[in-house]
Amino acid sequence: MELWNRLERWSAGLLGQLALAVGTYQIFGRYISPRLAITWGDEVIVYLVVWAVFVASSQLVRSDGHVRPDLVLRLLPARWQRRVEILNCIVALAFCLGLTWLGIRIAWSAYSFGDRSSTGLSFPMWIYYSALPAGGLLMSVRYIGRLYRFCFRYDPATMTIGALHHEPIAAGK
């Protein structure tokens with residue numbers, strides 16, 4: 001799991017750094033040396049950032065930073081927190097599996113039709129659209145792990161909101 005965590009963080013960071021580098025070069029070319037200007041910079045930045053966001057979304061699930069009813073959970077006793085967390089995992093997992101399935105269909109359609117961006121770069125759009133199923137699959141695996149821990153490895157001392165030594169769910173369990 002630690003290797004997977006590092007790979008996700010490293011990948012999201014690298015994609016973000018590449019987007020920053022392209023943006024910096026684009027600004028340099030546009031305002032300082034117009035002969036070095038690039039026309040495809042905006043497009044590539046969007047592709048890189050979208051991929052970085054979908055890869056990083058799995059890390060949000062791991063660290064309890066993704067969509068959760070935190071305010072409601074804080075008001076509930078521990079046994080109800082567990083139930084709400086299980087329900088949240090099931091709903092989120094269904095959403096992520098749907099995102100994965102539809103993302104595969106969208107990416108496959110773009111691949112089958114040979115869709116390319118309308119800019120001079122003519123980037124294959126299936127690569128861009130593949131961020132949807134990749135992010136959905138990564139989050140699905142994380143939600144399956146969370147659901148398993150809440151159903152079979154529940155520890156109210158570390159897995160409830162407001163616990164004295166609260167750590168992210170994936171940390172020790």
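Both backbone and side-chain heavy atoms feed into the values below; hydrogens, waters and symmetry mates do not.
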Tell me whether Glu2 is salt-bridged to Arg9, with the criterion being a basic N under 4.0 Å from an acidic carboxylate O.
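Looking at Glu2 and Arg9, the cut-off is met.
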
Any side-chain heavy-atom pair of [X] and [Y] under 4.5 Å:
| X | Y | answer |
| --- | --- | --- |
| Leu76 | Arg83 | no |
| Thr24 | Phe28 | no |
| Ser140 | Leu93 | yes |

Can the ring centroids of Tyr111 and Trp108 be said to lie less than 6.0 angstrom from one another?
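Centroid distance Tyr111-Trp108: below 6.0 Å, so yes.
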
For the ring pair Phe123 and Tyr128, is the centre-to-centre distance below 6.0 Å?
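Between Tyr128 and Phe123, which both carry aromatic rings, the centre distance is not below 6.0 Å.
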
Could you state the interatomic distance from [atom1] ([X]) to [atom2] ([Y]), rounded to the nearest 0.5 Å?
| X | Y | atom1 | atom2 | answer |
| --- | --- | --- | --- | --- |
| Gln81 | Arg74 | CD | CZ | 9.0 Å |
| Met125 | Ser130 | CE | OG | 10.5 Å |
| Leu87 | Leu147 | CG | CG | 10.5 Å |
| Asp64 | Arg62 | CG | CZ | 9.5 Å |
| Trp51 | Leu132 | CH2 | CG | 9.0 Å |

Is there a path from [X] to [Y] through hydrophobic residues (I, L, V, M, F, W, Y) whose side chains come within less than 4.5 Å of each other?
| X | Y | value |
| --- | --- | --- |
| Leu102 | Tyr129 | no |
| Tyr25 | Ile45 | yes |
| Phe54 | Ile127 | yes |

I need the minimum non-hydrogen distance between Glu43 and Ser117, along with the two atoms involved.
OE2-OG, 2.5 Å

For Ala78 against Tyr154, the heavy-atom pair lying closest together
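Shortest heavy-atom separation between Ala78 and Tyr154 comes out as O-OH, 3.3 Å.
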
How about CZ on Arg116, more than 12 heavy atoms from neighbouring residues, nucleotides or ligands closer than 6.0 Å, or not?
yes

Step through the shown structure and confirm whether more than 12 heavy atoms of other residues, nucleotides or ligands are within 6.0 Å of CH2 on Trp80.
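Counting neighbours around CH2 of Trp80, 12 or fewer heavy atoms of other residues, nucleotides or ligands fall under 6.0 Å, so no.
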
Is a side-chain donor or acceptor of Arg82 paired with a backbone partner of Cys151 at a separation under 3.5 angstrom?
yes

Could you tell me whether the side chain of Arg149 and the main chain of Gly145 form a donor-acceptor pair under 3.5 Å?
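Present.
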
Of Asp155, Ile86, Asn88, the one forming a side chain to side chain contact (heavy atoms under 4.5 Å, CB included) with Phe150 is Ile86

